[in-house]
Amino acid sequence: MTASARGTLVIAAHGTRSAAGEETLARLAAVVRGLRPGRRVELAYLEISKPLLADVLPWLPGPVTVVPLLLAGGYHVHIDLPDVVARARPDAAVSRPLGPDPLLTHALARRLARAGLRPADAVILGAAGSSDPAALADVRAAARLLAVRLSRPVTAAFATGGEPTVGEALDRMRHGPAPRVALASYLLAPGFFHDRLSSAGADLVTEPIGADPDLAALVWARHDQAAGSSRSPLMISSAPASLEGPASAPTNIS
């Protein structure tokens, strides 16, 4: 079966003015391709960066499945991206966003370990933030998953558009018993928001999730969930993320 006959996976990122951010997302796309050689995988953006999703979608061989490269719900998942797909490729299936999911928890825990997390450290999960309460709830659910993994409390905090802010969470923990505060970056790539986290004053800050193999497996899991459902126009899978185990990651990724 040819790659086109099996359809196209489009991973749709927001867009960034950071060259390092674009390079990181390109590396992630390469890892995603490597998990299923021969499958067509395209990286596109909603805005700022190129190629734009609106320009890419009309020319791709079908069937097309779009996976939002976004960690939580919000405007881009529920309004912006569906509008682009409706205009450019109404027959495409669209998956739910990436988070929360235990595969992301695994990646976050590894980055904290590499950054030097100690047993007595307090932990903050730092996200960009949103005006959408459901998006903030997604981040808090991700913090609960990380808390279970680390066997300690984890506070979700936001660079902008949510409470507590990262600064407020840091101030609160400075008055607690923990000798240090670790900030886990709940972001996909370097850029404006990671710079905000890095300068917040935590004792250690992890790198963004980046081109992580668990993240790449999660992209395919979201693809499979959406592509395996009934393909109606603008179908967005809304199945809740499991708090018990990973999303149904592919068992055969070759």
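All values reported here derive from a predicted model rather than from experimental measurement. The first residue of the sequence shown is numbered 1, and numbering continues consecutively from there.
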Identify, with sequence neighbours excluded, every residue that meets side chain to side chain donor-acceptor pair (under 3.5 Å) alongside [X].
X	result
Arg118	none
Arg172	none
Thr105	none
Asp203	Arg174

Got a sec, which residues hit side chain to side chain contact (heavy atoms under 4.5 Å, CB included) with [X], two or more places apart in sequence or on another chain?
X	value
Arg110	His106, Ala107, Arg114, Asp212, Asp214
Arg152	Leu117, Asp121, Val123, Leu150
Glu207	His194
Pro153	none

First locate atom [atom1] of [X], then atom [atom2] of [Y], and finally report the distance between them rounded to the nearest 0.5 Å.
X	Y	atom1	atom2	value
Leu28	Leu69	CG	CG	5.5 Å
Ser95	Leu218	OG	CG	8.5 Å
Thr65	Ile11	OG1	CD1	13.0 Å
Leu70	Ser130	CG	OG	10.5 Å
Phe158	Glu168	CZ	CD	11.5 Å

pair [X]-[Y]: side-chain heavy atoms closer than 4.5 Å:
X	Y	result
Ile48	Arg17	yes
Leu46	Val84	yes
Val66	Val64	yes
Arg149	Leu145	no
Leu104	Leu146	no
Leu215	Leu188	yes
Trp220	Arg36	yes
Pro190	Thr24	yes

Does the [X] side chain pair with the main chain of [Y], one donor and one acceptor, at a distance under 3.5 Å?
X	Y	result
Arg196	Ala159	yes
Arg40	Leu9	no
Arg111	Ile209	yes
Thr8	Pro61	yes
Ser49	Tyr45	no
Arg33	Val41	yes
Arg96	Ala226	no

Knowing that exactly one of Leu43, Leu53, Val67 qualifies, which makes a side chain to side chain contact (heavy atoms under 4.5 Å, CB included) with Val10?
Leu53

Minimum-distance pair of heavy atoms, taken over all atoms of [X] and [Y]:
X	Y	result
Ala178	Ala120	CB-O, 3.5 Å
Leu25	Ala13	CD1-CB, 3.9 Å
Ala169	Ala157	CB-CB, 3.8 Å
Arg89	Leu60	NH1-O, 2.7 Å
Ser185	Leu108	O-CD2, 3.7 Å

Side-chain donor/acceptor pairs under 3.5 Å, residues 135-143, sequence neighbours excluded:
residue: Asp138; atom: OD2; partner: Gly73; partner atom: N; Å: 2.9
residue: Arg140; atom: NH2; partner: Glu163; partner atom: O; Å: 2.7

By the rule that ILVMFWY residues connect when side-chain heavy atoms come within less than 4.5 angstrom, directly or transitively, which residues belong alongside Val148?
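Other cluster members: none.
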
Remaining members of Val166's ILVMFWY cluster at a side-chain heavy-atom cut-off under 4.5 Å?
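Its cluster partners, ordered by chain and number, are Ile124, Leu170, Met173, Val181, Leu183, Leu187, Phe192, Phe193, Leu197, Val205.
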
Working for side chain to side chain contact (heavy atoms under 4.5 Å, CB included), residues Leu57 and Val85
CA-CA 8 Å; Leu57 284 177; Val85 176; 4.0 Å; yes

With sequence neighbours left out, what residues match Glu22 under salt bridge (Lys or Arg N to Asp or Glu O under 4.0 Å)?
none

